[in-house]
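Okay, so here's the structure we're looking at.
Note that ligands are numbered from 1 as they come in the structure, with each ligand's atoms numbered from 1 the same way.
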Amino acid sequence: MENWKDTDINVDSLWLIGERDKTGKHSNIYHGNFIPQIPNQLIRRYTKENDVVLDVFMGSGTTLYECEKLNRNFIGFDINKEIIDFVASQMAECNNIKFHINECDVTNKGLFDIAIKNSLQNINFDKVQFLIAHPPYLDIVKFTDLEEDLSKISDINLFLDKFMQAMENGLQYLERNKYFAVVIGDVYKKSEVIPLGFYVMYALKKKFKIKLKGIIVKNIEGNRGKLGMGSIWKYRALKSDYFLFKHEYIFVFKKEF
Ligand SMILES: C[S@@+](CC[C@H](N)C(=O)[O-])C[C@H]1O[C@@H](n2cnc3c(N)ncnc32)[C@H](O)[C@@H]1O
């Protein structure tokens with residue numbers, strides 16, 4: 001707080017980000033990854049050095065590389081073994097933080113409990129101090145062929161059941177009065193918008209004793225080329241009756257149980 005006037009921690013609910021940070025280990029090779037600026041902002045705001053960050057859908061390790069940069073310890077899971085192996089190879093040289101990553105179906109309570117106890121023991125902690133979840137957005141981007149992969153699910157109710165199970169599993173290990181964030185977007189199916197982000201936020205609010213601290217809308221201005229004014233997408237949107245998705249949500253909560 002001593003430097004509050006100079007900090008670049010963004011306290012606005014609208015994050016317009018110029019372009020993706022591609023420095024260091026961020027190679028942008030994984031379709032469906034998020035931009036490093038998201039975990040960077042959240043980790044700096046909600047954790048201290050040497051805290052443990054848990055990413056329950058870690059994908060290509062974006063959060064882990066930010067933890068390495070910011071001296072935070074890390075536990076991460078994903079169902080995709082190939083990507084876990086890739087991240088492990090990227091981290092072969094790391095010696096400033098403790099981290100443990102593992103292949104795990106985070107919707108399965110039995111498997112999750114075994115995996116996280118093992119990880120916590122490995123890095124010598126009892127609990128985590130921040131949790132981040134960036135799940136698939138229904139079946140919009142397919143990640144693996146595994147039955148338990150959330151990106152196989154097209155039914156919203158089934159998706160919500162499984163996602164909430166994953167969050168219950170993870171939240172058990174988050175210290176009380178600490179924060180967690182869910183990064184998610186909406187989807188368009190059968191000619192209408194499914195507000196997946198709002199469903200997820202509401203389901204979380206209903207199920208857990210938590211406080212909603214922020215609904216951040218994030219847009220990467222650098223996406224203009226793909227979805228911008230001159231593209232075929234503009235033509236398609238105008239020809240039909242829909243809008244082009246550009247933004248995603250970051251829901252920030254405080255755990256009070
Ligand atoms: C949107 S991506 C996360 C990307 C990550 N934030 C990054 O920057 O690379 C969602 C991830 O969830 C994983 N996933 C899907 N179902 C899962 C499950 N049941 N258990 C664990 N991971 C799962 C996918 O393999 C995918 O890597």
Side-chain angles (χ1 to χ4, degrees), residues 17 20-43 53-69 74-91 99-116 118-119 130-155 158-171 173 180-187 196-197 200 218 220 245 247-251:
I17 295 171
R20 170 182 287 273
D21 174 5
K22 294 195 189 112
T23 59
K25 293 181 179 167
H26 297 298
S27 53
N28 197 16
I29 44 101
Y30 197 52
H31 188 41
N33 61 1
F34 54 28
I35 54 167
Q37 287 96 326
I38 295 177
N40 180 288
Q41 283 282 331
L42 296 168
I43 290 167
V53 174
L54 167 64
D55 187 340
V56 285
F57 301 99
M58 64 168 271
S60 55
T62 314
T63 310
L64 171 55
Y65 308 144
E66 286 306 310
C67 283
E68 185 183 19
K69 209 188 282 178
F74 179 87
I75 294 174
F77 300 126
D78 203 286
I79 203 166
N80 184 349
K81 178 163 182 348
E82 236 171 83
I83 199 70
I84 294 275
D85 290 347
F86 169 77
V87 176
S89 71
Q90 293 284 94
M91 294 298 290
F99 70 95
H100 201 249
I101 60 179
N102 234 315
E103 178 191 354
C104 177
D105 166 16
V106 297
T107 67
N108 181 316
K109 183 165 168 42
L111 295 178
F112 184 90
D113 281 340
I114 294 171
I116 193 146
N118 181 30
S119 296
F130 185 71
L131 182 154
I132 189 162
H134 180 214
Y137 305 170
L138 283 173
D139 54 355
I140 294 304
V141 174
K142 194 174 145 215
F143 290 98
T144 72
D145 285 325
L146 298 166
E147 271 321 302
E148 300 78 16
D149 187 329
L150 289 183
S151 69
K152 282 253 180 158
I153 304 177
S154 55
D155 178 79
L158 184 56
F159 178 90
L160 285 174
D161 278 357
K162 294 278 179 194
F163 174 74
M164 293 302 287
Q165 184 61 57
M167 291 305 288
E168 187 175 338
N169 295 342
L171 285 174
Y173 294 89
F180 67 99
V182 178
V183 181
I184 196 155
D186 297 325
V187 299
L196 185 61
V200 158
K218 174 236 101 192
I220 311 183
F245 284 121
H247 66 282
E248 284 161 304
Y249 304 101
I250 301 155
F251 297 106

* Top protein contact for atom 16 (N) of ligand 1, by heavy-atom distance -> Leu150 N, 2.9 Å
* Hey, could you give me the CG/CZ distance between Asp105 and Phe77, rounded to the nearest 0.5 Å? => 11.5 Å
* Check whether any heavy atom of Cys104 sits under 4.0 Å from an atom of ligand 1. => yes
* Mark up the atoms of ligand 1 that fall under 4.0 Å of a heavy atom belonging to Thr107, in ascending order. => 19 (N)
* Can any side-chain N or O of Lys25 pair as donor or acceptor with the backbone N or O of Gln90 at less than 3.5 Å? -> yes
* Could you tell me whether the side chain of Thr144 and the main chain of Asn80 form a donor-acceptor pair under 3.5 Å? => no
* Structure fact -> re atom 8 (O) of ligand 1, the protein heavy-atom contact at minimum distance is Thr62 OG1, 2.5 Å
* **Residue, atom name and distance, where the atom is the protein heavy atom closest to atom 22 (N) of ligand 1** => Ile79 N, 3.1 Å
* Asked: With distance as the sole test, does Asp186 use its side chain to make a donor-acceptor pair with the main-chain N or O of Gly197 at under 3.5 Å?
  -> yes
* Consider ligand 1: state whether an atom of it lies below 4.0 angstrom from any non-hydrogen atom of Phe34. => yes
* To do: Identify which one of Gln41, Gln37, His26 satisfies the side chain to side chain donor-acceptor pair (under 3.5 Å) criterion when paired with Glu66.
  => His26
* To do: Would you mind running through ligand 1 and noting each atom that sits below 4.0 Å from a heavy atom of Pro136?
  => 10 (C), 12 (O), 15 (C)
* **Heavy atom of the protein closest to atom 15 (C) of ligand 1 (residue, atom name, distance)** => Asp149 OD1, 3.2 Å
* Asked: Considering only the protein, which heavy-atom contact is closest to atom 2 (S) of ligand 1, and what is its distance?
  -> Phe143 CZ, 3.5 Å
* Looking at ligand 1, does any of its N/O atoms fall within less than 3.5 Å of an N/O of Pro135? -> no
* Report the member of Ala133, Ser60, Gly32 with the shortest heavy-atom distance to atom 9 (O) of ligand 1. => Ser60
* **Rounded distance (nearest 0.5 Å) linking atom NZ of Lys109 with atom CG of Leu111** => 11.5 Å
* Nearest protein heavy atom with distance in Å, relative to atom 6 (N) of ligand 1 -> His134 ND1, 2.9 Å
* To do: Take the angle between the ring planes of Phe251 and Tyr249 and call it parallel below 30°, perpendicular above 60°, tilted in between.
  => parallel
* **4.0 Å heavy-atom contact, Lys162 with ligand 1** => no
* Structure fact -> A student checking ligand 1 against Asn80 at a 4.0 Å heavy-atom cut-off should list atoms 25 (O)
* Under 3.5 Å: N/O of Ser151 near N/O of ligand 1 -> no
* Examine distances only and state if a side-chain atom of Asp149 and a backbone atom of Asp145 form a donor-acceptor pair shorter than 3.5 Å. => no
* Heavy-atom distance to atom 25 (O) of ligand 1: which of Asp78, Val56, Thr144, Ile140 wins? -> Asp78
* To do: Using distance alone, determine whether Tyr30 and ligand 1 share an N or O pair under 3.5 Å.
  => yes
* Asked: In the protein, what heavy atom is nearest to atom 20 (N) of ligand 1, and what distance, to one decimal place, separates them?
  -> Val106 N, 3.0 Å
* Asked: Please walk me through it: do Ile250 and Ile132 pass side chain to side chain contact (heavy atoms under 4.5 Å, CB included)?
  -> CA-CA 10 Å; Ile250 301 155; Ile132 189 162; over 6 Å; no
* To do: Pull out every atom of ligand 1 sitting under 4.0 Å from any heavy atom of Asn33, numbered as shown with elements.
  => 4 (C), 7 (C), 8 (O), 9 (O)
* Asked: Does an N or O from Glu148, backbone or side chain, lie closer than 3.5 Å to an N or O of ligand 1?
  -> yes
* Return the orientation label for the His134 and Phe34 ring planes: parallel under 30°, perpendicular over 60°, tilted otherwise. => parallel
* So is there a nitrogen or oxygen of Phe77 less than 3.5 Å from a nitrogen or oxygen in ligand 1? -> no
* What are the atoms of ligand 1, with element, lying closer than 4.0 Å to any heavy atom of Asp105? -> 18 (C), 19 (N), 20 (N)
* Is there a donor-acceptor pair closer than 3.5 Å between any side-chain N or O of Lys142 and the backbone N or O of Lys152? -> no
* Taking it one step at a time, do Phe112 and Val56 satisfy side chain to side chain contact (heavy atoms under 4.5 Å, CB included)? -> CA-CA 10 Å; Phe112 184 90; Val56 285; 4.0 Å; yes
* **Mutual orientation of the aromatic rings belonging to Phe159 and Phe163 [parallel < 30°, tilted 30-60°, perpendicular > 60°]** => parallel
